[in-house]
Amino acid sequence: MHFQWFPGHMTKAIRSMREDLKLIDLVIELADARIPISSRNPEIDSLVQGKTRILLLNKRDMADSSSTSAWIKHFESQGIYAMAINAKQKNEIRAVSDLIAKACHEKRERDLKRGIKNRPVRAMIVGIPNVGKSTFINTYAGRASTKTGNKPGVTRGKQWIRLNKGVDGTVELLDTPGILWPKFEDQIVGLHLAWIGSIRDELIINTDLALDLIEFLQEFYPDVFEKVYGFLPNEDSVRVLNQLAEARGCKSKGGAPDLDRAAFLLLDDFRNARLGTITIEKP
């Protein structure tokens, strides 16, 4: 399967980001903890060069905690401020504020030497579609500041959200639309993005996607099928999909297994962590 998706609004968004970066002190990048490499847009590296950056591995509750910890150490060893979060949890936001304060310490010190007090930190939120940027902003702000949805590409416009964070000073967040890159050099990246739902389902074939996911699960998480669906999987992925259709009662009008429906259910179960905590990319 060939994966590609780069709507016209993303080209416009990149141009807008280049202009907005002139106003920015800090770039906060959100990635998916299940695929910490594939969910990072390589174009962002060149786009935000020279800016202080924080990397947040979101949806940590859906990923293997041991793998996530190893990824955090990996990124920190590269000099990147990094932490894992569940953007839906308000009690984790304080830790993000502390990380912002740490990352912007030198900036605040420079401001104080120049006699500038209480100037807000201006932060740009970046990330690919469906990594949870809007959910993060809403939780951070403590109110529904942006429109959220479980579809890639919901955020189209540009908006500033001003946050008063007490002793840490004021933070102003600039949300940006989710941006993929024009061409996937490695189609495995496209596969991983499709598994987590960052590529529109209308542009992919669910059965092919599910068969690839079954092969991955058989290799790295072989117990999933018995634990979640109650059957021991066959070695052949097509037969496993048939087993899944039978287990979930997916039947076509003629009584044959409805593989399209079974594929949809498997992908939906994976994307909503009903299969348990799974990390696709290992550090």
Side-chain angles (χ1 to χ4, degrees), residues 1-6 10 13-14 17 26-49 51-87 96 99 103 124-133 135-136 152-153 176-200 203-204 209 212-221 267 270-273 275-283:
M1 195 188 315
H2 183 75
F3 300 93
Q4 205 55 58
W5 179 47
F6 194 72
M10 292 192 181
I14 289 175
M17 283 175 64
L26 172 70
V27 174
I28 301 176
E29 180 183 3
L30 263 71
D32 191 302
R34 296 168 293 180
I35 51 170
I37 298 300
S38 294
S39 60
R40 298 185 69 201
N41 186 338
E43 293 204 345
I44 288 178
D45 284 333
S46 58
L47 195 64
V48 304
Q49 216 166 27
K51 295 290 182 180
T52 303
R53 297 172 63 182
I54 285 176
L55 175 63
L56 301 178
L57 297 185
N58 191 25
K59 305 184 182 182
R60 65 167 183 77
D61 54 311
M62 296 183 175
D64 282 341
S65 58
S66 58
S67 294
T68 302
S69 297
W71 275 116
I72 294 297
K73 290 179 181 178
H74 167 75
F75 289 121
E76 288 178 339
S77 71
Q78 295 182 330
I80 297 173
Y81 294 100
M83 69 178 294
I85 65 167
N86 174 359
V96 176
L99 191 61
M124 176 184 285
I125 309 294
V126 300
I128 67 169
N130 213 32
V131 290
K133 297 190 307 301
T135 300
F136 167 72
T176 59
I179 300 172
L180 289 178
W181 47 109
K183 183 181 180 181
F184 298 136
E185 297 296 336
D186 185 350
Q187 286 297 299
I188 292 297
V189 170
L191 178 65
H192 292 172
L193 293 173
W195 279 348
I196 69 167
S198 287
I199 297 177
R200 291 187 185 278
L203 303 178
I204 57 181
L209 198 60
D212 287 332
L213 180 58
I214 287 170
E215 291 177 3
F216 167 82
L217 293 172
Q218 285 179 308
E219 182 175 357
F220 296 101
Y221 296 90
L267 293 169
F270 168 72
R271 291 169 182 171
N272 290 283
L275 303 183
T277 54
I278 292 174
T279 296
I280 297 170
E281 295 174 341
K282 304 296 183 179

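Each residue takes its place number in the sequence, starting with 1. Below, all heavy atoms of this structure are taken into account, side chains as well, without hydrogens, waters or symmetry copies.
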- [ ] Inspect the contact between Glu29 and Arg40 and indicate whether a charged nitrogen and a carboxylate oxygen are less than 4.0 angstrom apart.
- [x] yes

Open item on the list: Working to the nearest 0.5 angstrom, can you tell me the gap between Glu76 CD and Met83 CE?
Closed with: 10.0 Å

Open item on the list: To the nearest 0.5 Å, what is the distance between OG1 on Thr277 and NZ on Lys59?
Closed with: 15.0 Å

Open item on the list: Looking at Asn58 and Ala87, would you say the former's side chain and the latter's main chain have a donor-acceptor pair under 3.5 Å?
Closed with: yes

Open item on the list: Please check if the number of heavy atoms outside Lys51 that lie under 6.0 Å from its NZ is greater than 12.
Closed with: yes

- [ ] Dump the intermediate steps for side-chain contact (heavy atoms from CB on, under 4.5 Å) on Ile54 and Val27, then the final yes or no.
- [x] CA-CA 6 Å; Ile54 285 176; Val27 174; over 6 Å; no

TODO: Can you see which heavy atom on Ala63 is nearest to which on Thr68, and at what distance?
DONE: CB-OG1, 3.6 Å

Open item on the list: Measuring only between side-chain heavy atoms, which start at C-beta, is Ile28 closer than 4.5 Å to Leu30?
Closed with: yes

- [ ] Would you please test Gln187 and Leu191 for side-chain contact (heavy atoms from CB on, under 4.5 Å) and show each step?
- [x] CA-CA 6 Å; Gln187 286 297 299; Leu191 178 65; over 6 Å; no

Open item on the list: For Phe270 and Trp195, take the angle between the two ring planes, folded into 0 to 90°, and tell me which bin it lands in: parallel under 30, tilted 30 to 60, perpendicular over 60.
Closed with: perpendicular

Open item on the list: Would you say that Arg53 contacts Ile80 through its side chain, given a criterion of any heavy-atom pair below 4.5 Å between the two side chains?
Closed with: no

Open item on the list: Under a 3.5 Å distance rule, please check whether Asp64 uses its side chain to pair with a backbone N or O of Ser66 as donor and acceptor.
Closed with: no

Task: Backbone of Gly276 reached by a side-chain donor or acceptor of Tyr221 within 3.5 Å - done: no

TODO: Look at the side chain of Asp61 and the backbone N and O of Asn86, then say whether any donor-acceptor pair between them is shorter than 3.5 Å.
DONE: no

Task: Heavy-atom pair with the smallest gap, counting every atom of Ser198 and Asn130 - done: OG-CB, 3.8 Å

- [ ] For the pair Ser39 (side chain) and Ala31 (backbone), establish whether a donor and an acceptor sit closer than 3.5 Å, ignoring hydrogens and angles.
- [x] no

Task: Shortest non-hydrogen contact between Ser67 and Pro283, atoms and distance - done: O-CG, 3.8 Å

- [ ] Considering non-hydrogen atoms only, spot the tightest contact between Gly197 and Arg271 and give its length.
- [x] N-NE, 3.6 Å

TODO: Report the distance from atom CG of Asp32 to atom CZ of Arg60, rounding to the nearest 0.5 Å.
DONE: 13.5 Å

Open item on the list: Can you tell me how the ring of Phe75 sits relative to the ring of Trp71, calling it parallel under 30°, perpendicular over 60° and tilted otherwise?
Closed with: parallel

- [ ] Check whether any side-chain heavy atom of Val131 sits under 4.5 Å from a side-chain heavy atom of Phe136, and report yes or no.
- [x] no

- [ ] Give the minimum heavy-atom separation between Ile278 and Arg34, together with the two atoms involved.
- [x] O-CG, 3.2 Å

- [ ] Verify, without hydrogens or angle tests, whether Ser38 (side chain) and Ile35 (backbone) share a donor-acceptor contact under 3.5 angstrom.
- [x] no

- [ ] Taking all non-hydrogen atoms of both residues into account, name the closest pair between Leu57 and Pro36 and its distance.
- [x] CD2-CB, 4.1 Å

Task: Spatial distance of atom CD1 (Ile188) from atom CG (Leu193) [nearest 0.5 Å] - done: 11.5 Å

